[in-house]
Protein chains: 2
Amino acid sequence: MLEAVSQLNTYISVDCVVFGYDAEKLNVLLVERTLSDDEPMPDFQPDWTLTGNHVYEGETIKEAATRVVFNLTGISDLYLEQFKTFADPGRLLKPKDQKWLRSIGKNPEERVVSIGYFALLATQDVSLKWMGRRVKWTPVKKVGQLGFDHNEILEQAMDALRNKMKHEPIGFGLLPEKFTLTQLQTVYEQIFDTRFDKRNFRKKVNRMKYVIPLNEKQKGVPHKPAQLYMFSREVFEKTKKELFDFVI
Amino acid sequence: MLEAVSQLNTYISVDCVVFGYDAEKLNVLLVERTLSDDEPMPDFQPDWTLTGNHVYEGETIKEAATRVVFNLTGISDLYLEQFKTFADPGRLLKPKDQKWLRSIGKNPEERVVSIGYFALLATQDVSLKWMGRRVKWTPVKKVGQLGFDHNEILEQAMDALRNKMKHEPIGFGLLPEKFTLTQLQTVYEQIFDTRFDKRNFRKKVNRMKYVIPLNEKQKGVPHKPAQLYMFSREVFEKTKKELFDFVI
DNA sequence: TTTACTTATTGTATTATATACACTAAGTAG
DNA sequence: CTACTTAGTGTATATAATACAATAAGTAAA
C-alpha cells in the first residue's frame, strides 16, 4: 500500500466505519483512544473511536480511507463507500475530545472535516493488525459511547448501509466468498432486524441469476450440509433490470 | 436567513447543484465566474460554475448550502441533500482555476474540501436574484465546460438524483405544488431519458395513496384540462411498505 | 443399528403487480 | 360544427409476493 512521504493535512480526515459480519451479527471495528505514555493526564480514561486518520497531502480521500482500512486489516480489496461528510462546528468540542486534541499537539479550535466511509467484510477473513493501539470488533448493537462524534457517524453509516442494501447486492460483502443461503438470509435478517420466510426468500434468490450454486457443500457441520453459493458481480451487471422498479 | 458575522472558512466550501424543472426539461443553476473589475487580466474569459460558497465559522455545512440557495432563489423550503464530498488534491489545479483563485487573494495551493448538495425546485416558483454576478438556468443536457471540477460534481449529482428518485418520492420537488399526472410522468421520462406507457404509469400512481387528486382542474389550456394532484409526505410516511421490496 | 436431533430443502394456492396494447372524452380555436 | 389537442381509461397475460408445513440428509448418542 502507498506509503506517502508527504505530510498529513491537519483539517481533512476520513473516518471509516468498518463493518464485519461473523455469521451471527454485525460488528464494527473500533480502536482505543489513549494518550501517549509521556502525557501526564491521569484523568483521561481510554475510550473507543471509529478508525480514521487525516489524509496526506497528495493523497485522494478514497486512498486515505483504503489506507486506514488496510493498515488495520491487511485487506484492500473490499467494498468501501463514501457515505457522508461531517464538518459542523462543535463536532469536536466535548471536553474529552478537546483534551485529546491538545495532547497530540493539535489546535483544538481548528475546524476538521471528516469524510465518512463504510466498509464491508467477513470477520473470518481478517486478522486484526496491531498498530500501536488496541483494536477490536464490537457488535453494533452493543457499542457504547464513542469518542468525538463517532456515535453519530456510526448511526449514519448504519442508515447508509441499510439503504444501500435495499437496492444493491452488497450484502455479499459481509460473507465469505462461498456462503449458504441460510447465511445470506441471516445477514439480511440481522441488519434489518426482521425475519423472512425461508421458502419465499429462496424463491427470491433463485430469480437472481448472479447468486450461483457451486459444486460444493458445507463441511464439518453436525447436520445436513448446505449447498454453497457465490456471488458474481459480472452476471449481476449483465442481468439487472432497468427501471420501472422505482417508486414515484 | 442567517447573516453570519463570523469569517468565512477558507478550506471548507459547499457546492450546490440546484436542479430546476420547467415543465419540459431539467435545468441547473449556474453563476458566471468573472474577475473583479479592477483585476487587470484581459485573458480571463468569464465562464460558468455551479453555485457555491465557503462556510462561515460557526455555520453548519447544511446551513451554508441553504444560504447559498436562498441567496440566489429566495427559497429556503426545498429538497436539499448532501450527496458527495470532493477533496482530492488536484481538483483546483487547472490553470484557469489557479488564476481565478489568485485573483481573489486565495492561496491556490491550499486544499479545499467541497461538500456537494443537490436541491430540487420548479423553476416557475423562482425568480433568480442578482447577487453581483450573472445567474442563469441551463438545461442539464446542454451544460458546457464549467469552472473548477464542477462538471464532475454535476455528473455525480445527476447520478445521486437518479438513484434517489428510483427509491424515494422526491420527483415532486421538481413540480409546482399542484401538478398533472402528465407532468409527473414527464419529469421521470426526462430524468431517466426514457418513455413510459401512460396507462401503466397511471395505474402505478393510482396505488400510491400519497398522490392525491384535488377538486381542481388545469386552467387556460387549449384542450381538455387535466385533473390536478398534490403530494402528501405525511400520507407517504404512513402508508409506505417496509422491506421485501429489496434486492439481494 | 436405531433413534433423536438439527438444519436443508422444497411446492401450492392466492393475491398483487408488471407489461403490452388503442380507443373515447373534453376541452379550445377557427 | 369541424379540426385539433391532450386527458383519461380497460383487459389479458406473465411475473412476483405472500402465507403456509412436510420431507430429506446429515451427525451424535443410545
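Numbered from 1 within each chain, the chains take letters A, B, ... in sequence-line order. Source: prediction; values computed, not measured.
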* Structure fact -> Atom NZ of B:Lys204 and atom C1' of C:dA16 are separated, to the nearest Å, by 13 Å
* To do: Would you kindly give the CG-to-P distance between B:Asn206 and C:dT17, to the nearest whole Å?
  => 11 Å
* Asked: Base, sugar-phosphate, or nothing: which does A:Gln218 touch, judged by heavy atoms less than 4.0 Å apart?
  -> nothing
* **Between C1' of C:dT10 and CD of A:Gln227, the distance in whole Å** => 14 Å
* Contact class for A:Thr180 (heavy atom, under 4.0 Å): base, sugar-phosphate, or nothing? -> nothing
* C:dT9 C1' sits how many Å from A:Leu228 CG, rounded? -> 15 Å
* To do: Would you please name every residue forming a side chain to side chain contact (heavy atoms under 4.5 Å, CB included) with B:Lys224, sequence neighbours left out?
  => none
* To do: Figure out the CD/P separation between A:Gln185 and C:dT10, and round it to whole Å.
  => 14 Å
* To do: Quickly work out the B:Phe201 CZ to D:dG10 P distance and round it to whole Å.
  => 18 Å
* Anything under 30° is parallel, anything over 60° is perpendicular, the rest tilted; go ahead and classify B:Phe118 against B:Phe83. => tilted
* For nucleotides 20-27 of chain D, just jot down a letter per nucleotide in 5' to 3' order: B, S or -, based on protein non-hydrogen atoms under 4.0 Å. => BB--BBBS
* Can you sort out the partners of B:Phe179 under ring-ring contact (aromatic ring centres under 6.0 Å, His included), two or more places apart, ordered by chain and number? => B:Phe172
* To do: Please list, chain by chain and in numerical order, all residues satisfying side chain to side chain contact (heavy atoms under 4.5 Å, CB included) with A:Thr51, sequence neighbours excluded.
  => A:Cys16, A:Val18, A:Leu29, A:Val31, A:Val68, A:Leu72
* D:dT6 C1' sits how many Å from B:Phe179 CZ, rounded? -> 18 Å
* Test side chain to side chain contact (heavy atoms under 4.5 Å, CB included) applied to B:Leu78 and B:Leu120, step by step -> CA-CA 7 Å; B:Leu78 45 56; B:Leu120 303 182; over 6 Å; no
* Structure fact -> In short, side-chain hydrogen bond (donor to acceptor under 3.5 Å, both in side chains) pairs touching residues 121-133 of chain A with sequence neighbours left out are none
* To do: Would you please name every residue forming a ring-ring contact (aromatic ring centres under 6.0 Å, His included) with A:Phe236, sequence neighbours left out?
  => A:Tyr210
* Asked: Which part of the nucleic acid does B:Arg207 contact within heavy-atom distance under 4.0 Å: base, sugar-phosphate only, or nothing?
  -> sugar-phosphate
* Starting at CZ of A:Arg202 and ending at P of D:dT18, how long is that distance when rounded to a whole Å? -> 18 Å
